Amino acid sequence: MAGASGSVPIVTIAGCVVVAIRDDLDDQDILTLQDELVEEVSRRSANGVVIDISSLEIVDTFAGRMLGAMAQMAGMMNARTIVVGMRPAVAMTLVDLGMTLEGVETALNADRAIEAIRAGQA
Amino acid sequence: MEDGRTAVTLASAQDVAYAREAAKRAMTEIGASTVRRTKFVTAVSEIARNAVIYGRGGRIVFEIREQGGVRSVVAECSDRGPGIADVAMALTDGYSTGKGLGRGLGGAKRLVDRFEIRSSETTGTVVILESRAR
Amino acid sequence: MAKEVTTGSVLVEDFDRVLSGWLKVQASENVKRTDLVSAKESEKQSRDLLAALADVAPEAATADGFDLSDAQWAPVREALEEIAENRTERGVSAAEMGWFIASLKQPFFEILHEELGETSAELMREIWSATRIVDQVALYAIETLVQKREAIIERQRGEMTEVSAPVVKIWDRIVTVPLIGTLDSFRAQTVMENLLDAIVQWEAEIAIIDITGVSTVDTLVAQHLLKTASAVRLMGSECVICGISPKIAQTVVNLGVDLPNITTRVDLQSGLAYAFRRIGVAAGER
């Protein structure tokens with residue numbers, strides 16, 4: 001039930017593809033992860049993608065763009081993408097960068113995100 | 001970090017991650033708040049990536065300074081690239097010569113206390129970032 | 001052979017006379033501030049400073065100039081720090097601090113005059129030397145006092161910001177922060193940090209910012225609110241701004257500031273009603 005990007009485990013819970021991003025990923029790892037997530041959405045016919053970034057100490061424009069792109073790609077496959085667990089300092093930094101990720105949904109944690117996606121399905 | 005200086009060679013995506021790690025260590029050492037540290041590390045990530053992707057690599061040197069009882073970290077990033085023809089334009093949000101969306105340089109400037117950039121066709125681009133502990 | 005009399009030698013040989021002379025001048029010139037600093041404290045401070053000077057000055061105060069920031073002057077600086085610390089707390093002014101030190105000149109001059117006679121060249125030389133030492137010490141004392149006071153102001157500013165923007169958990173999953181007075185960049189940043197931390201701490205789904213008490217909303221304040229709302233959303237919570245008076249609504253629109261995708265309400269009550277509805281608690285919204 002799991003795909004794996006290097007050692008980032010991707011799991012599917014209640015029709016949602018869930019991944020917790022590790023802090024030490026470089027740009028190449030991030031692109032690999034994006035590929036695998038899109039693959040997984042397709043394979044599972046998932047309704048949602050939950051990306052937990054609570055371990056991330058920073059999100060720069062590269063990682064921010066990946067989140068935006070991920071939401072767009074999943075959207076085209078009829079799945080919602082919800083980013084959860086962003087740290088306060090990361091949120092403030094993104095706002096200063098002018099990256100407010102308008103196209104991406106957010107939630108406090110994975111529980112709430114899965115709840116929201118299931119509620120949307122009903 | 002003896003004598004307060006650390007240098008990271010920038011040649012690959014992995015090196016950008018090393019630069020972030022060094023930036024984080026330096027900011028932690030001067031006792032900066034989480035928010036200040038996060039902003040500085042993010043800015044370093046942006047300019048280090050620029051050096052790798054558009055500047056044909058280079059290096060970034062971190063130095064801890066102290067002025068008037070307040071400590072700060074200075075990062076000087078120099079690349080071997082073709083230089084930036086119009087620096088003012090490059091600092092404008094939405095501008096980019098590469099395929100990025102061009103928030104990198106202008107955004108990095110807003111994340112630090114001091115931002116300087118020098119660029120020429122012969123010497124490449126040098127970016128200096130400084131963030132105080134408070 | 002008669003021993004040479006200098007400012008340095010007076011400090012060492014006539015220590016007690018200089019001290020008692022100084023204390024007397026302090027009393028007569030009314031620089032003691034006995035209302036703020038007790039006679040005993042004053043005497044101890046004066047003695048400590050003079051002792052440090054007697055240790056250092058004869059060697060360090062050379063004819064061709066000296067610098068109080070040099071390492072050898074450290075004992076004098078320490079004594080001054082202590083005095084400044086004490087007097088800042090008591091509310092002594094910078095001028096009083098300077099005069100307190102400057103009054104040390106009188107006993108010096110008296111003793112030098114006595115030892116060296118009416119008009120000798122030595123007298124002129126030593127008066128200049130004593131003046132230079134005392135003036136430098138006085139300037140350093142004033143500077144230290146001002147620095148300490150600035151540090152206190154800075155600290156109080158921080159404390160005031162904390163007090164004036166307390167984030168409270170008003171209901172399960174709802175936090176609120178009432179803003180009062182003016183919102184400068186420093187305060188706006190602190191408010192944002194406190195609010196975002198509270199969202200994590202309480203797992204708050206709604207963050208209410210009540211601007212009823214904010215005196216004016218200009219472009220800068222509007223931008224700060226916008227930034228805060230964006231950061232709140234990025235964290236997965238929803239920002240509600242309430243306390244939008246007719247005047248604020250007019251200003252914001254006239255400024256040409258757009259508040260896109262931000263929920264706004266007239267007052268805290270309707271803001272709260274909205275929040276209850278969002279998290280599924282029954283309450284009628286006005």
Side-chain angles (χ1 to χ4, degrees), chain A residues 16 18-21 48-68 70-71 80-120 122, chain C residues 165 167 169 171-175 177 183 185-209 220-241 257-263 275 277-281:
Chain A
C16 298
V18 182
V19 64
I21 302 189
V49 179
V50 177
I51 305 177
D52 184 338
I53 59 167
S54 56
S55 314
L56 290 194
E57 288 193 21
I58 77 147
V59 172
D60 58 13
T61 54
F62 189 87
R65 277 201 299 275
M66 175 271 188
L67 294 174
M70 189 59 225
R80 280 165 73 184
T81 299
I82 304 187
V83 171
V84 305
M86 186 183 291
R87 298 183 181 191
V90 171
M92 282 182 251
T93 305
L94 280 178
V95 170
D96 274 349
L97 277 173
M99 275 214 124
T100 47
L101 303 180
E102 295 302 335
V104 182
E105 284 188 77
T106 55
L108 286 174
N109 53 43
D111 282 348
R112 301 265 164 86
I114 292 169
E115 243 169 61
I117 289 167
R118 296 186 68 181
Chain C
V167 182
K169 178 187 173 189
W171 200 269
D172 186 31
R173 288 174 287 160
I174 304 174
V175 293
V177 55
L183 202 63
S185 294
F186 177 79
R187 264 196 71 199
Q189 181 67 28
T190 314
V191 168
M192 167 147 59
E193 287 185 34
N194 290 352
L195 188 64
L196 299 190
D197 286 343
I199 288 171
V200 175
Q201 188 186 351
W202 305 114
E203 298 201 330
E205 282 179 50
I206 309 274
I208 301 176
I209 303 177
L220 201 69
V221 172
Q223 269 166 2
H224 280 311
L225 291 173
L226 209 61
K227 278 173 72 172
T228 307
S230 294
V232 167
R233 192 197 77 83
L234 281 171
M235 289 184 56
S237 180
E238 184 181 348
C239 191
V240 179
I241 297 176
V257 181
D258 203 11
L259 298 177
N261 313 320
I262 297 182
T263 309
R277 208 154 43 84
R278 290 287 293 171
I279 64 166
V281 175

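Here the structure is a predicted model, which means the values were calculated and not measured. Below, chains carry the letters A, B, ... as their sequence lines are ordered, and counting in each starts from 1.
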| task | Find out whether A:Ile82 and A:Val49 are in side-chain contact, i.e. whether some heavy atom of one side chain is under 4.5 Å from a heavy atom of the other. | result | no
| query | Tell me, do A:Val19 and A:Val50 make a side-chain contact under 4.5 Å, heavy atoms counted? | reply | no
Taking 3.5 Å as the threshold, show me the donor-acceptor pairs across chain C and chain A, one per line with distances to 0.1 Å.
| from | atom 1 | to | atom 2 | distance (Å) |
| --- | --- | --- | --- | --- |
| C:Glu205 | OE2 | A:Arg112 | NE | 3.3 |
| C:Glu205 | OE2 | A:Arg112 | NH1 | 3.1 |
| C:Lys227 | NZ | A:Asp96 | OD1 | 3.0 |
| C:Arg233 | O | A:Thr106 | OG1 | 2.5 |
| C:Arg233 | NH1 | A:Val104 | O | 2.9 |
| C:Arg233 | NH2 | A:Thr100 | O | 3.0 |
| C:Arg233 | NH2 | A:Leu101 | O | 2.6 |
| C:Arg233 | NH2 | A:Val104 | O | 3.4 |

| Does any non-hydrogen side-chain atom of C:Leu225 lie less than 4.5 Å from one of C:Val221? | yes
| query | Does the side chain of A:Val84 come within less than 4.5 Å of A:Leu108's, by heavy atoms? | reply | no
| remark: Bottom line for A:Val104: the part with an atom under 4.5 Å from chain C's heavy atoms is backbone
| Heavy-atom pairs under 4.5 Å with chain C, option from A:Pro88, A:Ala89, A:Gly85, A:Ala91 with the top count | A:Pro88
| said: Side chains of C:Ile208 and C:Ile206, heavy atoms from C-beta outward: is any pair under 4.5 Å? | reply: yes
| said: Nearest 0.5 angstrom please: A:Cys16 SG to A:Ile117 CD1, how far? | reply: 4.0 Å
| message | Exactly one of A:Val83, A:Val90, A:Leu94 should register a side chain to side chain contact (heavy atoms under 4.5 Å, CB included) with C:Leu234. Which one does? | response | A:Leu94
